[in-house]
2 protein chains.
Amino acid sequence: MSSVEPTVLVVEDETAIRDMIAFALDRAGMQVQLAGDAQEALVSINKKRPDIILMDWMMPGVSGIELTRRLRREPYTEDIPIIMLTARVSEDDKVSGLEAGTDDYVIKPFSPRELLARIRAVMRRSTPADNNGQINAEGLVLDTISRRVSHQGEPIHVGPTEYRLLEFFMSHAGRAYSRGQLLDHVWSANTYLEERTVDVHIRRLRKALEPARISHYLQTVRGHGYRFLAEPRTAAK
Amino acid sequence: MSSVEPTVLVVEDETAIRDMIAFALDRAGMQVQLAGDAQEALVSINKKRPDIILMDWMMPGVSGIELTRRLRREPYTEDIPIIMLTARVSEDDKVSGLEAGTDDYVIKPFSPRELLARIRAVMRRSTPADNNGQINAEGLVLDTISRRVSHQGEPIHVGPTEYRLLEFFMSHAGRAYSRGQLLDHVWSANTYLEERTVDVHIRRLRKALEPARISHYLQTVRGHGYRFLAEPRTAAK
DNA sequence: CGGAACTGTCATGAAACTGTCACACCTGCA
DNA sequence: TGCAGGTGTGACAGTTTCATGACAGTTCCG
């Protein structure tokens, strides 16, 4: 897997907790960036894009959840996994956090070990490979730099919306999304669109993937939405 | 959460150490499975999924670290916490062990007391509720992220209602619910439905679980309702 | 200006899903 | 043994959900 040490950004206003986390992560061989508030966090991210972000829910000024929303809006940061540190436990918070784009939660108080476990779990889940601008899934390659799609060398043409949709799906492979979530993430926010619109774009994307015989990578989750899953060849072990 | 005794799989080639560990764990009221090498370990895991694995770093044949990688690759096993037993002390080994998906490690020589403490710590942190969106019960995995159900890797198709029903049951395993309670929890409120409707959905869910031969996980509680209980394999019947 | 590409919405039919029923079956009890 | 209430099972019709093709409005170019 990735032989380089992952970089973790810790956004937390309480110095004691921040230092504790920093110590634990450092011991585990991770690069650590520290930030005391959202402002510092943004600066830090701009300087060096972290592989994962640990973020306190409650912070002076811009809250963790608000910062998450902002990060999710920018292409440069939207794919960074975020783990929320929170004292809250209610279902509502959980839901709104997940909607905002959080990948996991750790509820205070937590042990350094638990934190490490979560970080590893999230990274194992969301790090497909080393990221040089390409996302690869069973021969389907999406190049975020040239903004092109190809399958086993053969170029595939997709429209702008289909491209964004595919990019979102491929960088969150395996995960099921409702139509509402897809509208939030793939279309610019604040635009109200019919949910059926998603269906049509899925259809167009499938059509584009059809010549490569991989349209089934886009799976329908009945009663819910869609999911991208590039199934490996069904071969016995 | 699980009040039942945890099952611990010990993978260790040195008989003396293995016996010592087995004795200590048994005294602490834990179920113990033993394996002398990776091969035996895989067989044992297939027979009964352990709640945690103690694994020697150095073993003849497939090493502990390699076995860890393999286990992390399979959905059925990827969530089992692993504690590595090692004589090595260098930083490098420590890091690569963690990267491979190990949850903790104990350096030889160690005391039974230390071992138990580590086991309890790891289990405490990896059990809490929706671990990483997966609910696992004896090989039956419900993934709330991808919204899929599978048994020992084999996907299982269930309809939307059956999915919600199973999710509810699995996150309240062992508990018996009346038909009325199930209607309240699984169906959206304010809908009046015939109580027998529950029976039919139970039936459909059982049918879906039938190919995996685990339809008996859904038990009938006569005169009351139903209960989900994934029983470990009973030897003979 | 004109065409090509793209976008959002809609109508339609097929497929999946849902709730209900009738009847078979099973269990405990008189 | 027969009865009575509870549960399993298959069938069915109504409903919901989704795939698909069409269409009109837009934008983006030459």
Side-chain angles (χ1 to χ4, degrees), chain A residues 147-149 155-169 176-211 213-228, chain B residues 147-149 155-169 176-211 214-229:
Chain A
R147 220 180 159 81
R148 276 192 294 204
V149 184
I156 292 177
H157 175 80
V158 298
T161 305
E162 281 73 54
Y163 177 86
R164 289 201 310 277
L165 187 58
L166 183 60
E167 181 181 14
F168 178 76
F169 266 127
Y177 291 94
S178 70
R179 292 174 177 74
Q181 290 176 310
L182 290 172
L183 284 173
D184 285 349
H185 284 111
V186 175
W187 278 258
S188 38
N190 311 340
T191 50
Y192 177 73
L193 294 179
E194 213 53 51
E195 291 209 331
R196 291 265 147 266
T197 299
V198 175
D199 297 30
V200 178
H201 282 278
I202 289 279
R203 152 79 172 149
R204 286 169 182 156
L205 195 42
R206 278 182 178 152
K207 209 165 197 170
L209 298 181
E210 184 47 45
R213 297 161 159 269
I214 53 172
S215 55
H216 60 279
Y217 282 8
L218 287 169
Q219 305 177 346
T220 303
V221 182
R222 238 181 193 260
H224 184 70
Y226 297 92
R227 161 181 58 214
F228 178 91
Chain B
R147 223 184 159 83
R148 286 200 306 176
V149 182
I156 293 176
H157 176 82
V158 298
T161 304
E162 280 74 52
Y163 177 87
R164 289 201 309 277
L165 188 58
L166 183 60
E167 181 179 17
F168 178 77
F169 267 127
Y177 291 94
S178 71
R179 291 172 178 74
Q181 289 175 310
L182 290 172
L183 284 173
D184 285 348
H185 284 112
V186 176
W187 277 257
S188 38
N190 311 341
T191 49
Y192 177 73
L193 293 178
E194 213 54 50
E195 290 210 332
R196 293 303 308 274
T197 298
V198 175
D199 296 30
V200 178
H201 281 280
I202 288 280
R203 151 78 174 151
R204 284 169 183 158
L205 195 42
R206 279 180 177 154
K207 209 165 197 171
L209 298 181
E210 184 47 45
I214 53 172
S215 53
H216 60 279
Y217 282 9
L218 288 169
Q219 304 176 345
T220 303
V221 182
R222 202 153 219 278
H224 183 68
Y226 297 91
R227 165 179 55 213
F228 178 90
L229 196 54

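We name chains A, B, ... by the order of the sequence lines, and we start the count at 1 in each one.
- Side-chain N/O atoms of B:Trp187 include none lying less than 4.0 angstrom from OP1 or OP2 on C:dT18.
- Side-chain nitrogen and oxygen atoms of B:Arg204 include none within less than 4.0 Å of the OP1 or OP2 phosphate oxygen of D:dT9.
- Among the heavy atoms of the strands lying under 4.0 Å from B:Tyr226 are primed sugar atoms or P, OP1, OP2 only; no base atom is included.
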B:Arg206 and B:Thr220: CA distance, side-chain angles, deciding distance, side chain to side chain donor-acceptor pair (under 3.5 Å) verdict:
CA-CA 11 Å; B:Arg206 279 180 177 154; B:Thr220 303; 2.8 Å; yes
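- Rounding to whole angstrom units, CD of residue A:Gln219 and C1' of D:dT17 are separated by 17 Å.
- If you measure from atom CD of A:Glu195 to atom P of C:dT9, you get 11 Å, rounded to the nearest angstrom.
- Only one option out of A:Tyr226, A:Phe228, A:Phe168 pairs with A:Tyr177 in a ring pair (Phe, Tyr, Trp, His ring centres under 6.0 Å); it is A:Phe168.
- Distance, B:Lys207 NZ to C:dC17 P: 14 Å, rounded to whole Å.
- A sub-4.0 Å separation between OP1 or OP2 of D:dT17 and a side-chain N or O of A:Thr220 is absent.
- Counting only heavy atoms from C-beta on, A:Arg206 has its side chain closest to D:dA19 among D:dT20, D:dA19, D:dG5.
- Between B:Arg148 and B:Tyr163, the closest heavy-atom pair is N-CE1, 4.2 Å.
- If you take CD1 of B:Ile202 and C1' of C:dT18, they are 15 Å apart, rounded to a whole angstrom.
- If you take CG of B:Leu193 and C1' of D:dT15, they are 14 Å apart, rounded to a whole angstrom.
- Among the nucleotides C:dT18, C:dT7, C:dG19, the one closest to any side-chain atom of B:Thr197 is C:dG19.
- Note on B:Val221: only backbone sugar-phosphate atoms sit closer than 4.0 angstrom, heavy atoms only; bases stay farther off.
- With hydrogens and angles ignored, a donor-acceptor pair under 3.5 angstrom links the side chain of B:Arg196 to the base of D:dG8.
- Of the possible donor and acceptor atoms, one in the side chain of B:Arg164 sits under 3.5 Å from a partner among the backbone N and O of B:Val186.
- The nearest whole Å value for the distance from the CD atom in B:Glu194 to the P atom in C:dG19 is 12 Å.
- Considering all non-hydrogen atoms of both residues, A:His157 and A:Ala208 come closest at O-CB, 3.6 Å.
- Regarding A:Arg222, its CZ atom lies at a distance of 6 Å from the C1' atom of D:dC18, rounded to whole Å.
- A:His157 places its NE2 atom 11 Å from the C1' atom of C:dA4, with the value rounded to the nearest Å.
- Among the nucleotides C:dT18, C:dC10, C:dT7, the one closest to any side-chain atom of A:His201 is C:dT7.
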